[in-house]
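All heavy atoms count here, side chains included; hydrogens, waters and symmetry mates do not.
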Amino acid sequence: MNNLYEQTMLFDFYGELLTEHQRKIFEDALYNDLSLSEIAEEQGISRQGVHDLLKRCTKILQGYEEKLHLVERFTQAKVTVEEIEKLAKADGSEDVVDRLHKIELLSKELLEHL
């Protein structure tokens, strides 16, 4: 996973578990694309303080993912749904019954992982 995408996903899933201060700074860096200096000036802290806080927040969010695996499960569910969609839209190259059977298996797999 690329770093920006990973951070965005982690923040989307676990951002509410950060303190308001952490959330604001992480959000400014991630979504508002503010520089460390801009955030530091806005928050009245040092640039190094912002850098350290962003690293700490990333570690915290990664720790939640290691324990809960919500992003991993979401990503796998998304892949499975895409497979189901492909099977549903497939042309006549496969027998309809075979496609329906595969869709059924993928659906059961998806439900087991949720």
Side-chain angles (χ1 to χ4, degrees):
M1 228 186 303
N2 92 29
N3 196 35
L4 181 60
Y5 177 75
E6 178 183 8
Q7 286 182 322
T8 302
M9 292 297 287
L10 290 172
F11 187 75
D12 285 348
F13 277 85
Y14 306 112
E16 290 298 315
L17 300 173
L18 298 173
T19 67
E20 186 176 333
H21 179 69
Q22 290 170 328
R23 199 169 39 250
K24 170 75 172 120
I25 290 176
F26 204 83
E27 195 172 84
D28 279 346
L30 195 62
Y31 294 124
N32 299 330
D33 201 28
L34 297 181
S35 70
L36 298 179
S37 299
E38 290 170 322
I39 297 169
E41 186 178 320
E42 183 180 290
Q43 295 295 318
I45 59 177
S46 70
R47 185 185 173 287
Q48 184 64 45
V50 173
H51 178 266
D52 292 346
L53 188 124
L54 291 173
K55 285 187 79 137
R56 190 168 45 252
C57 287
T58 299
K59 258 188 161 170
I60 290 168
L61 297 173
Q62 288 170 335
Y64 289 135
E65 176 60 16
E66 287 172 11
K67 291 176 181 124
L68 301 171
H69 305 285
L70 295 179
V71 174
E72 180 184 323
R73 283 191 239 172
F74 172 80
T75 303
Q76 183 56 48
K78 186 177 173 187
V79 168
T80 303
V81 169
E82 288 170 354
E83 288 178 43
I84 290 170
E85 185 178 18
K86 284 180 190 173
L87 286 168
K89 292 181 177 181
D91 59 12
S93 62
E94 275 189 86
D95 181 29
V96 173
V97 175
D98 288 340
R99 288 196 333 242
L100 287 174
H101 181 68
K102 288 178 184 177
I103 289 172
E104 180 183 15
L105 292 175
L106 287 169
S107 299
K108 284 181 183 179
E109 178 185 310
L110 179 62
L111 289 172
E112 286 175 8
H113 288 97
L114 294 180

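- Here L105 contributes atom CG and T80 contributes atom OG1; the two are 12.0 Å apart, rounded to the nearest 0.5 Å.
- Using a 4.5 Å cut-off on side-chain heavy atoms (C-beta onward), V71 and T75 make contact.
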Going through the checks in order, is the salt bridge (charged side-chain N to carboxylate O under 4.0 Å, His left out) test met by K86 and E82?
-> CA-CA 6 Å; K86 284 180 190 173; E82 288 170 354; over 6 Å; no
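- Side-chain contact between L87 and L100 is absent, with no heavy atoms from C-beta onward closer than 4.5 Å.
- When all heavy atoms of F26 and Q7 are compared, the pair lying nearest together is CE2-O, 4.1 Å.
- Residues Y31 and T8 form a side-chain contact, since some pair of their non-hydrogen atoms from C-beta on lies under 4.5 Å apart.
- Here the shortest heavy-atom pairing between A88 and R99 reads O-NH2, 4.5 Å.
- In the hydrophobic cluster analysis, where Ile, Leu, Val, Met, Phe, Trp and Tyr join through side-chain heavy atoms closer than 4.5 angstrom, L70 is grouped together with M9.
- Inter-residue side-chain proximity for L54 and L36 is flagged as met; some heavy-atom pair is nearer than 4.5 Å.
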I60 and L17: CA distance, side-chain angles, deciding distance, side chain to side chain contact (heavy atoms under 4.5 Å, CB included) verdict = CA-CA 9 Å; I60 290 168; L17 300 173; over 6 Å; no
Enumerate, atom names and distances included, each donor-acceptor pair closer than 3.5 Å involving a side-chain atom of residues 37-45, sequence neighbours excluded.
| residue | atom | partner | partner atom | Å |
| --- | --- | --- | --- | --- |
| E38 | OE1 | S35 | N | 2.7 |
| E38 | OE1 | S35 | OG | 3.4 |
| E42 | OE2 | K24 | NZ | 3.3 |

Test side chain to side chain contact (heavy atoms under 4.5 Å, CB included) on K55 and K59 and set out the steps.
-> CA-CA 6 Å; K55 285 187 79 137; K59 258 188 161 170; over 6 Å; no
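- By the side-chain contact (heavy atoms from CB on, under 4.5 Å) test, V79 pairs with Q76, E83, sequence neighbours left out.
- Legend: ring pair (Phe, Tyr, Trp, His ring centres under 6.0 Å) pairs involving residues 35-70, not counting sequence neighbours, sorted by first then second residue: Y14-Y64.
- Remark: L53 CG to T58 OG1 distance equals 9.5 Å, nearest 0.5 Å.
- No more than 12 heavy atoms of other residues, nucleotides or ligands shown are found within 6.0 angstrom of NE2 on H101.
- Residues E65 and L10 come closest through the heavy atom pair CB-CD2, 3.6 Å.
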